[in-house]
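Data first, discussion second: the structure below is written as structure tokens.
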Amino acid sequence: MGRRTRVRFAPSPTGPLHMGGVRTALYNYLYAKQKGGDFIIRIEDTDSHRFVPGAEEYIIEALRWCGIIPDEGVDENGKVVETASARHPHAPYRQSQRRGIYRSYAEQLIANGYAYYAFDSAEELEKVRGEAEAKGETFIYNQTTRKTLRNSLTLPEEETKRLLEETTDWTVRFKMPENLVVKMDDLIRGHIEVNTDTLDDKVLWKRADELPTYHLANIVDDHLMEITEVIRGEEWLPSLPLHYMLYKAFGWEDTMPRFAHLSLLLKPVGNGKLSKRDGDKMGFPVFPLRWTNAEGETSHGYREDGYFPEAFVNLLAMLGWNPGNDQEMFSMEELIKAFSLDHIVKSGAKFNPEKAKWYNKEYLRLKSDEELTDLFIPILKEHGIIVTNGSGARADFKKKEFTYDYVKTIVSLIKVRATFVSEFWDIASYLFVAPSSFEEKDTAKFWKEENYTLAYKVADFISSFDGEFTKENLEGPLEEFIRGNEWPMGKVMNCLRLALVGASSGLGIADIVTLIGKEEFASRMEYIGKTLGK
């Protein structure tokens with residue numbers, strides 16, 4: 001019987017979570033849920049110099065907004081679990097709180113001949129690097145250069161002991177073997193081979209702050225947390241040989257996780273990785289939530305820009321993965337069922353901001369009128385509109401009071417025209433307040449005597465209509481009246497729409513007049529006549 005599937009998303013709190021990072025978390029989550037396994041969030045905060053206050057909280061909130069909820073690592077209140085318990089046996093899940101466990105593993109590697117102490121100061125290494133550059137060479141701390149540097153491989157044992165006791169400016173480095181071919185398998189990229197002569201001796205642990213580097217902490221934590229698959233970005237692919245060697249050095253080869261390296265998200269135009277700069281330049285967000293840095297600079301977020309989380313998640317899922325058919329719309333449950341590492345592309349996925357808008361528009365159309373109405377009401381309040389709980393679709397334009405049903409009716413008519421709920425007001429403001437001005441271009445084109453003379457005759461027909469004043473009852477007779485008199489339908493309707501909307505675009509005339517009512521309709525016809533002349 002195989003091990004229970006356990007995967008993790010392990011971000012560093014060095015800034016806001018990029019949408020590429022969210023995609024990595026999503027793929028891990030989908031994989032775990034499909035396999036009936038566990039999804040863990042682990043905060044990798046060993047790089048104290050790059051730590052950014054608020055970044056950890058941002059990461060947790062962003063994932064929760066997306067519906068990417070962990071089985072371990074975060075409790076119900078969105079806080080990182082700090083102590084082990086029956087429910088969280090692998091806690092704590094923040095690496096800075098696990099700092100006490102890593103040194104013993106570093107010492108184990110040294111005892112077994114897989115690592116060594118290095119006493120080179122930053123100044124000494126910079127000098128050696130400069131000397132190499134002067135010769136047109138590139139300095140690498142590896143199996144060749146380590147023989148000429150200050151470390152436990154070159155210093156007398158007594159000198160090594162003295163430096164360990166008297167100084168803190170030393171590190172533990174992995175002792176990369178010479179001329180060994182490391183054979184690896186990636187679930188996405190297949191078989192990979194690398195010769196160790198091309199690799200350097202990475203730092204694993206630093207005495208100065210008593211913290212491990214990513215490489216040691218990552219391997220130790222994945223082992224202790226029983227991770228079965230590591231699904232991460234391709235930027236970690238160059239580290240894979242070292243990670244393989246570390247598992248071998250610790251004797252953990254039988255429990256080593258399988259690896260899968262995801263391709264990059266690429267910018268919409270040109271080549272290269274999608275960055276914040278691309279978003280700023282082209283006007284789209286690259287972060288799930290709005291982020292304000294220490295200098296007060298604010299970056300757009302998908303949530304604050306009006307995107308639905310399910311649209312954002314659906315978009316990310318399709319950036320680098322395909323279901324093997326033409327389906328583009330997936331709920332989270334459908335993604336879990338359909339997801340497979342076999343269908344992840346090896347090449348980079350080019351981001352298309354227009355596709356992001358398309359997804360949001362499609363999800364907006366799927367929303368119920370009630371849900372969209374509830375989202376629209378706060379926007380109406382910002383414009384001084386009062387929404388009441390009265391029954392029926394009733395409107396009082398003088399008091400700016402409208403019933404919930406009135407707003408819901410409008411939402412049902414305009415949602416097919418919108419990409420974001422924030423656009424509802426621009427699309428339908430004339431259904432709450434009368435236009436105070438008229439589009440110059442449309443006025444010049446349609447407000448001509450031969451047109452508005454007929455428009456006022458049509459207005460009289462509407463005002464005197466004695467049937468039940470609904471769109472269904474009015475629409476047919478209104479069209480018959482205009483066509484029966486052989487009047488130009490387009491010119492007449494655009495004149496009326498100009499009076500009602502302030503422009504030649506908007507809902508159908510029957511929709512508008514039956515919503516606003518005869519009194520408001522007459523008021524607007526009177527106002528445009530006084531303003532533009534008739």
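Because only heavy atoms are used, hydrogens play no part in the values below, and waters and symmetry mates are left out as well, while side chains stay in.
Glu371 places no side-chain N or O within 3.5 Å of a backbone atom of Lys367 that could act as its donor or acceptor partner.
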- Task: Output, in order, the C-alpha distance, side-chain angles, deciding distance and verdict of salt bridge (charged side-chain N to carboxylate O under 4.0 Å, His left out) for Glu234 and Arg189.
- Result: CA-CA 10 Å; Glu234 74 171 25; Arg189 299 164 190 278; 2.9 Å; yes

(Q) Between Asp305 and Lys357, is the salt bridge (charged side-chain N to carboxylate O under 4.0 Å, His left out) condition met? List the steps. (A) CA-CA 11 Å; Asp305 276 17; Lys357 293 179 181 179; over 6 Å; no

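Using a 4.5 Å heavy-atom threshold, the side chains of Tyr93 and Ile41 count as separate. Using a 4.5 Å heavy-atom threshold, the side chains of Leu199 and Phe174 count as separate. In this structure, Val182 and Thr196 have side chains that are in contact, with non-hydrogen atoms separated by less than 4.5 Å. Annotation: side chain of Met225 is not in contact with side chain of Arg8 (no heavy-atom distance under 4.5 Å). Contact check for Pro309 versus Arg303: no side-chain heavy atoms found under the 4.5 Å cut-off. Counting only heavy atoms from C-beta outward, the side chains of Pro323 and Phe330 approach each other to under 4.5 Å.
Using bins of under 30°, 30° to 60° and over 60° for the plane-to-plane angle, the ring pair Tyr27/Phe339 lands in the tilted bin. Taking the six-membered ring where tryptophan is involved, the planes of Tyr141 and Phe139 are perpendicular, since the angle between them exceeds 60° and thus also 30°.
Taking the side chain to side chain contact (heavy atoms under 4.5 Å, CB included) definition, one finds that Leu26 meets it with Leu30, Ile68, Val313, Leu316, Ala317, Met332, sequence neighbours left out. With sequence neighbours excluded, the residues satisfying side chain to side chain contact (heavy atoms under 4.5 Å, CB included) with Ser121 are Glu123, Glu124, Asp169. Glu440 is linked by a side chain to side chain contact (heavy atoms under 4.5 Å, CB included) to nothing, counting only residues two or more places apart in sequence or in another chain.
Donor-acceptor pairing under 3.5 Å is recorded for the side chains of His261 and Arg232. Donor-acceptor pairing under 3.5 Å is lacking for the side chains of Tyr244 and Asp185.
Pairs passing the ring-ring contact (aromatic ring centres under 6.0 Å, His included) check and including a residue from residues 268-290, sequence neighbours excluded, read Phe284-Phe351. Legend: side-chain hydrogen bond (donor to acceptor under 3.5 Å, both in side chains) pairs involving residues 125-140, not counting sequence neighbours, sorted by first then second residue: Glu126-Arg129. Among pairs with a residue in residues 280-289, those fulfilling salt bridge (Lys or Arg N to Asp or Glu O under 4.0 Å) read Lys276-Asp280, at least two apart in sequence or across chains.
Within a 6.0 Å sphere centred on NZ of Lys175, other residues, nucleotides and ligands contribute 12 heavy atoms or fewer.
Because its NZ or CZ atom is both nearer than 6.0 Å to the ring centre of Tyr359 and within 45° of the ring axis, Lys355 counts as a cation-pi partner of that residue.
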